[in-house]
Novice: 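I have a structure here, written as structure tokens, and I will follow up with some questions on it.
Letters A, B, ... mirror the listed sequences (proteins, then strands); counts begin at 1.
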There are 2 protein chains.
Amino acid sequence: MRIGELSRRTGASQRSLRYDEEQGLLTPTRLPNGYRDYDEHTVTTVRRIQVLLSAGLGTSAVAEILPCAVDDGVVLSGRCPELIEGLAKERHRINAAIGDLITARDILDSLVGRPLRAQAVPSR
Amino acid sequence: MRIGELSRRTGASQRSLRYDEEQGLLTPTRLPNGYRDYDEHTVTTVRRIQVLLSAGLGTSAVAEILPCAVDDGVVLSGRCPELIEGLAKERHRINAAIGDLITARDILDSLVGRPLRAQAVPSR
DNA sequence: CTTGACCTTGACGTCAATGTGAGGGTTTAG
DNA sequence: CTAAACCCTCACATTGACGTCAAGGTCAAG
């Protein structure tokens with residue numbers, strides 16, 4: 001599929017898709033006329049990218065992570081060896097961010113007079 | 001207290017503190033020599049600002065929210081009338097962000113082969 | 001052949017929060 | 001008096017993920 005359809009189907013702007021490619025997150029083939037040609041699978045990949053970026057990972061981090069998840073969604077735990085360390089670090093960052101968000105939400109709630117629920121921090 | 005001490009006690013850079021003032025988040029008085037003079041209470045305020053900003057709220061949103069929480073930490077549910085709407089919106093945004101973070105964390109976990117736990121999304 | 005929808009590359013603009021540096025007062029200690 | 005540690009106000013630089021515009025190729029329909 002070409003960039004327009006991919007954009008429509010993912011909600012990502014064409015600019016973003018080209019930017020993702022520039023950053024090594026996507027590697028579409030080219031049609032004879034030079035147009036980008038994405039395969040069906042890419043729709044899923046783009047959604048993953050959107051989630052990871054919106055979670056505050058940088059494009060470079062996503063670029064490291066992404067190729068490990070490419071194959072059919074199969075878990076490739078053993079591969080991507082020295083990467084796991086970085087992942088744990090990102091995971092930690094994310095847990096911290098979740099904590100911050102919950103704290104912020106509690107502040108908002110306290111302003112509205114909404115009682116704070118006791119609730120487990122969703123981490124491990 | 002002057003800006004140096006406030007910076008040390010909150011971890012915020014002096015630049016950030018001046019920026020926050022420029023954005024209307026802080027309104028220190030001035031000493032005869034022109035130096036900013038913060039009261040004790042400001043330490044708490046700055047911490048709140050840090051949490052809200054790191055939660056993705058913009059300075060303008062924080063500027064709206066903050067004055068409602070100023071008085072001794074007492075809950076001012078009734079006041080700040082038409083603001084509550086905006087707060088609910090921010091709350092929604094935050095919950096969505098939390099959801100994204102959890103999704104992202106799950107992606108990371110699935111890469112490491114860590115099993116996903118069933119867990120409640122911490123919202124209401 | 002022309003119109004319009006689609007695609008290309010390239011480059012400059014934006015936004016928010018903050019870094020950084022210049023140039024210059026003030027206050028305390030020696 | 002002078003150095004050192006504070007503080008001040010500009011004001012330009014930076015970062016990341018885009019938006020936006022320019023100038024132009026491609027292709028199917030009429």
Novice: Judged by modelled atom types alone, do A:Thr103 and A:Asp100 share a side-chain donor-acceptor pair under 3.5 Å?
Specialist: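 Note: A:Thr103 and A:Asp100 side chains miss the donor-acceptor criterion.
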Novice: Please classify the nucleic acid contact of B:Leu31 as base, sugar-phosphate, or nothing, using heavy-atom distances under 4.0 Å.
Specialist: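 Nothing, no nucleic acid heavy atom in range.
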Novice: Tell me, with the steps shown, if B:Tyr38 and B:Leu17 meet side chain to side chain contact (heavy atoms under 4.5 Å, CB included).
Specialist: CA-CA 11 Å; B:Tyr38 302 93; B:Leu17 294 173; 4.2 Å; yes
Novice: Let me know the distance between CG of B:Leu52 and P of C:dA16, rounded to the nearest Å.
Specialist: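 From B:Leu52 CG to C:dA16 P: 17 Å.
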Novice: Side chain to side chain contact (heavy atoms under 4.5 Å, CB included), that's the test. Do B:Arg105 and A:Ile98 meet it? Break it down for me.
Specialist: CA-CA 10 Å; B:Arg105 193 180 62 190; A:Ile98 291 177; 3.9 Å; yes
Novice: Does either side chain, that of A:Ser16 or that of A:Ser13, offer a donor lying less than 3.5 Å from an acceptor on the other one?
Specialist: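 Yes.
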Novice: Rounding to an integer number of Å, can you tell me how far A:Ile49 CD1 sits from D:dG16 P?
Specialist: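 Rounding to the nearest Å, CD1 of A:Ile49 and P of D:dG16 are 17 Å apart.
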Novice: With respect to the phosphate group of C:dT18, does any side-chain polar atom (N or O) of B:Ser16 fall under 4.0 Å of OP1 or OP2?
Specialist: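 For C:dT18, OP1 or OP2 has a side-chain N or O of B:Ser16 closer than 4.0 Å.
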Novice: Can you tell me how far P of D:dC18 sits from CG of A:Leu26, to the nearest Å?
Specialist: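 Rounding to the nearest Å, CG of A:Leu26 and P of D:dC18 are 12 Å apart.
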Novice: Which whole-number value in Å describes the distance from A:Tyr38 OH to C:dC6 P?
Specialist: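 The distance from OH of A:Tyr38 to P of C:dC6 comes to 16 Å, rounded to the nearest Å.
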Novice: Quick one: on DNA chain D, does A:Gln23 or B:Glu5 contact a more 5' nucleotide (nearest heavy atom)?
Specialist: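 It is B:Glu5 whose nearest nucleotide is closer to the 5' end.
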Novice: Identify each atom pair where a protein N or O and an N or O of nucleotides 21-29 of chain C are less than 3.5 Å apart, giving names and distance.
Specialist:
unit_1	atom_1	unit_2	atom_2	d
C:dG25	N2	B:Tyr35	OH	2.6

Novice: Strictly below 4.0 Å, N to O, side chains only: are A:Glu5 and A:Arg8 in salt-bridge contact?
Specialist: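 No, A:Glu5 and A:Arg8 are not salt-bridged.
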Novice: Can you check the A:Leu17 CG to D:dG19 P distance for me, whole Å?
Specialist: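 To the nearest whole Å, that distance equals 10 Å.
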Novice: Taking only side-chain nitrogens and oxygens of B:Thr59, does any of them come within less than 4.0 Å of OP1 or OP2 of C:dA17?
Specialist: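 The answer is yes; a side-chain N or O of B:Thr59 sits under 4.0 Å from OP1 or OP2.
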Novice: Between B:Glu21 and B:Arg18, is there a salt bridge with N-O shorter than 4.0 Å?
Specialist: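 Here B:Arg18 does not pair with B:Glu21 in a salt bridge, since their nearest N and O are not under 4.0 Å apart.
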Novice: Considering only D:dC18, C:dT8, C:dA16, which nucleotide approaches the side chain of A:Ile3 most closely?
Specialist: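 Closest nucleotide to the A:Ile3 side chain: C:dT8.
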Novice: Look at the side chain of B:Arg18 against the base of D:dT9 and say whether a donor-acceptor pair falls under 3.5 Å; ignore hydrogens and angles.
Specialist: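 Per atom types, no contact qualifies.
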Novice: Check the distance between C:dA16's P and B:Glu22's CD and give it to me in whole angstrom.
Specialist: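 Taking CD of B:Glu22 and P of C:dA16, I get 12 Å after rounding.
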Novice: Reading DNA chain C from 5' onward, which residue's closest nucleotide shows up sooner: B:Ser13 or A:Gly34?
Specialist: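 The 5'-side residue here is A:Gly34.
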Novice: Measure from the side chain of B:Leu53, starting at C-beta and using heavy atoms only, and say which of C:dA17, D:dG19, C:dC6 lies closest.
Specialist: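 That would be C:dA17.
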Novice: With B:Asp37, which of B:Ile3, B:Leu6, B:Thr29 fulfils side-chain contact (heavy atoms from CB on, under 4.5 Å)?
Specialist: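 Single side-chain contact (heavy atoms from CB on, under 4.5 Å) partner of B:Asp37 among B:Ile3, B:Leu6, B:Thr29: B:Thr29.
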Novice: Please report, rounded to the nearest Å, how far the C1' atom of C:dT8 is from the CZ atom of A:Arg30.
Specialist: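 After rounding, the reported distance stands at 8 Å.
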Novice: Counting distance only, does the side-chain N/O of B:Ser7 pair as donor-acceptor with the main-chain N or O of B:Ala12 below 3.5 Å?
Specialist: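 Pair found, side chain donor or acceptor close to backbone of B:Ala12.
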Novice: Could you please name the option among D:dC8, D:dA17, C:dG19 that lies closest to any side-chain atom of B:Arg36?
Specialist: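 Nearest listed nucleotide: D:dC8.
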Novice: Please check the phosphate of D:dC7 (OP1 and OP2 only) for any side-chain N or O of B:Gln14 closer than 4.0 Å.
Specialist: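 Result: yes.
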Novice: Rounded to whole angstroms, how far apart are OH on B:Tyr19 and C1' on D:dC10?
Specialist: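 Whole-Å distance recorded here is 16 Å.
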Novice: Would you say a side-chain N or O of A:Arg15 is under 4.0 Å from OP1 or OP2 of D:dT20?
Specialist: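 So the side chain of A:Arg15 is outside the cut-off, no N or O lying under 4.0 Å from OP1 or OP2 of D:dT20.
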